[in-house]
Amino acid sequence: ISYAKNQLCLQLPGFGLSDEYIDKNFTNPDNDIRGFWKTTDLSANHKGPYFEIINPLNGEKHLPPIGRYWVFNEKEVLRRIEEGTIIFGKTGKTKPVQKVFLQKKSGRKKPETWWDKHGMNSDGMQELSEILGTKKFDHPKPSITIKYILELSTRKDDLILDSFSGSGTTAHAVLNLNQQDGGNRKFILIEMEDYAEKITAERVKRVINGYGRKFGTGGSFDYYELGQPLFNEGVLNEEVGVQKIRQYIWYSETNCSYSPPLEGQGEASCPYAPPLEGLGEASLLGKHNDTAYYFNYEPEKVTTLDHHFLSTMKIKAEQYVVYADNCLLTKEFMTKHHIIFKKIPRDITRF
């Protein structure tokens, strides 16, 4: 067994063609003087020529399957039809295919890859068409391919993240695998394109509830849209509201959620202090690892870290981090009292 990201990198010679393989795959029903032959697909799943091929016998027009393209341009197709190496099935009345002659083959067969048996791009397009009836999506992955990957790489209670979720194949695969083995895997899909609701989320909904003649997998999911950005070209976007800004600063400083402990569960892992009475305490975000965090901020007013503000800070800590618009304290004083000043908004950490 050999492994490679690209099969071509292995430079394998392939297997010799056995008599059994030749007898099974090559025939000569039309007594072609060029010898025994078989048919192969005339289309591929990579971008290429896209046009109608007309059967000269009956005038029928043929386009490549959904999500696929012809492997030859129109001029080459016409030439091959004329020489008889592109035919319309063995009956002359079906889709166009290539004739491949045994005498022109190298006498060796390409080794199969794991991927050959676990879904093709055309399967993904057909699958999406069955679910949503849409044919307007570039190269959706087949859910069977992702399901096999998940079988190899995940446990039954894992969380799977797909940051570029496209048509929602990953969620489809997770739901199918959970149904198959009784797992409780969860998924997070992220999609920034405008089809996120109509295609990605809609596909997940139909897989859960059922579509066509297929029963649903069961399960559930939540759909969220991004809110306003916290920064507009590097400047704090005050329209998001003070609470959202406080949450962001707390998380960027502590890597913890900005929320109080649930009732009955004791102290939170990242202690949280809600706004209290007074200037300093109202600006207090909380205390974490013996550092107190203050956000001295008013949307319509310039705020200042000075001795008056310090006098309103009641919490005791080994270190203090204070966000404000200005600072009137000397560096020596702040160093002595373990105070770190961060100017709003330029020093708010971007994570």
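Hydrogens, waters and symmetry mates play no part in the numbers below; they use all other heavy atoms, side chains included.
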Measure from the side-chain N and O atoms of [X] to the backbone N and O of [Y], and report whether any donor-acceptor pair falls under 3.5 Å.
| X | Y | answer |
| --- | --- | --- |
| Ser129 | Gln126 | no |
| Asn237 | Leu230 | no |
| Glu191 | Gly166 | yes |
| Asp158 | Thr154 | no |
| Ser165 | Ile190 | yes |
| Lys141 | Ser167 | no |

Would you mind reporting whether [Y] and [X] have side-chain heavy atoms less than 4.5 Å apart?
| X | Y | answer |
| --- | --- | --- |
| Phe72 | Pro49 | no |
| Leu305 | Leu328 | no |
| Val204 | Leu189 | yes |
| Thr304 | Cys327 | no |
| Val71 | Leu42 | yes |
| Tyr320 | Met334 | no |
| Leu152 | Ile149 | no |
| Val322 | Lys342 | no |

Charged N-O contact under 4.0 Å between [X] and [Y]:
| X | Y | answer |
| --- | --- | --- |
| Lys99 | Asp32 | yes |
| Arg185 | Asp181 | yes |
| Arg203 | Glu127 | yes |
| Glu332 | Lys336 | no |

Please work out whether the ring planes of [X] and [Y] are parallel, tilted or perpendicular, with thresholds of 30° and 60°.
| X | Y | value |
| --- | --- | --- |
| Trp70 | Phe51 | tilted |
| His337 | Phe333 | tilted |
| Tyr294 | Phe309 | perpendicular |

[X] versus [Y], closest heavy-atom pair with distance:
| X | Y | value |
| --- | --- | --- |
| Asn296 | Ser283 | CA-OG, 3.7 Å |
| Thr39 | Trp37 | CG2-CZ3, 3.5 Å |
| Tyr251 | Cys256 | CD1-O, 3.3 Å |
| Asn184 | Asn178 | N-OD1, 3.6 Å |
| Gly219 | Ile208 | O-CG2, 3.2 Å |
| Glu130 | Tyr211 | O-CD1, 3.9 Å |

Same cluster for [X] and [Y] if Ile/Leu/Val/Met/Phe/Trp/Tyr side chains link at under 4.5 Å?
| X | Y | result |
| --- | --- | --- |
| Ile188 | Leu177 | no |
| Ile146 | Phe164 | no |
| Tyr69 | Ile86 | no |
| Val77 | Leu63 | no |
| Val97 | Leu78 | no |

Among side-chain atoms of Tyr248 and Glu253, is any donor-acceptor pair under 3.5 angstrom? no
Distance only, no hydrogens: is a donor on one side chain within 3.5 Å (strictly under) of an acceptor on the other, for Asp41 and Ser43? yes
[atom1]/[X] to [atom2]/[Y] distance, rounded to the nearest 0.5 angstrom?
| X | Y | atom1 | atom2 | answer |
| --- | --- | --- | --- | --- |
| Leu128 | Phe137 | CG | CZ | 7.0 Å |
| His288 | Thr254 | NE2 | OG1 | 5.0 Å |
| Leu284 | Lys314 | CG | NZ | 12.5 Å |
| Phe221 | Phe187 | CZ | CZ | 7.0 Å |
| Lys198 | Glu193 | NZ | CD | 14.5 Å |
| Lys301 | Asp325 | NZ | CG | 11.0 Å |

Could you go through Thr200 and Tyr195, starting from their C-alpha distance and side-chain angles, then the distance that decides it, and tell me whether this counts as side chain to side chain contact (heavy atoms under 4.5 Å, CB included)? CA-CA 7 Å; Thr200 314; Tyr195 53 72; 3.7 Å; yes
Around atom [atom1] of [X], are there more than 12 heavy atoms of other residues, nucleotides or ligands at under 6.0 Å?
| X | atom1 | result |
| --- | --- | --- |
| Gln319 | CD | yes |
| Leu226 | CG | no |
| Glu82 | CD | no |

Decide ring pair (Phe, Tyr, Trp, His ring centres under 6.0 Å) for Tyr323 and Tyr293; before the verdict, give the C-alpha distance in whole Å, the side-chain angles of both, and the deciding distance to 0.1 Å. CA-CA 8 Å; Tyr323 286 82; Tyr293 296 93; 8.1 Å; no
Could you check Lys147 against Gln180 for side-chain hydrogen bond (donor to acceptor under 3.5 Å, both in side chains), going step by step and ending with a plain yes or no? CA-CA 10 Å; Lys147 184 169 81 71; Gln180 174 183 304; 2.8 Å; yes
If you apply the rule side chain to side chain contact (heavy atoms under 4.5 Å, CB included), what do you find for Phe88 with Ile81, and how did you get there? CA-CA 9 Å; Phe88 294 83; Ile81 289 175; 4.1 Å; yes
Check the pair Asn28, Asp30 against side chain to side chain contact (heavy atoms under 4.5 Å, CB included), reporting the backbone distance first and the verdict last. CA-CA 6 Å; Asn28 192 9; Asp30 59 352; 3.0 Å; yes
Start with the C-alpha gap between Leu132 and Arg206, add the side-chain angles, then the distance that decides, and say whether side chain to side chain contact (heavy atoms under 4.5 Å, CB included) holds. CA-CA 8 Å; Leu132 298 176; Arg206 296 190 186 188; 3.9 Å; yes
side-chain hydrogen bond (donor to acceptor under 3.5 Å, both in side chains) for Glu238 and Tyr297? Distances and angles first, verdict last. CA-CA 11 Å; Glu238 297 182 329; Tyr297 168 80; 3.0 Å; yes
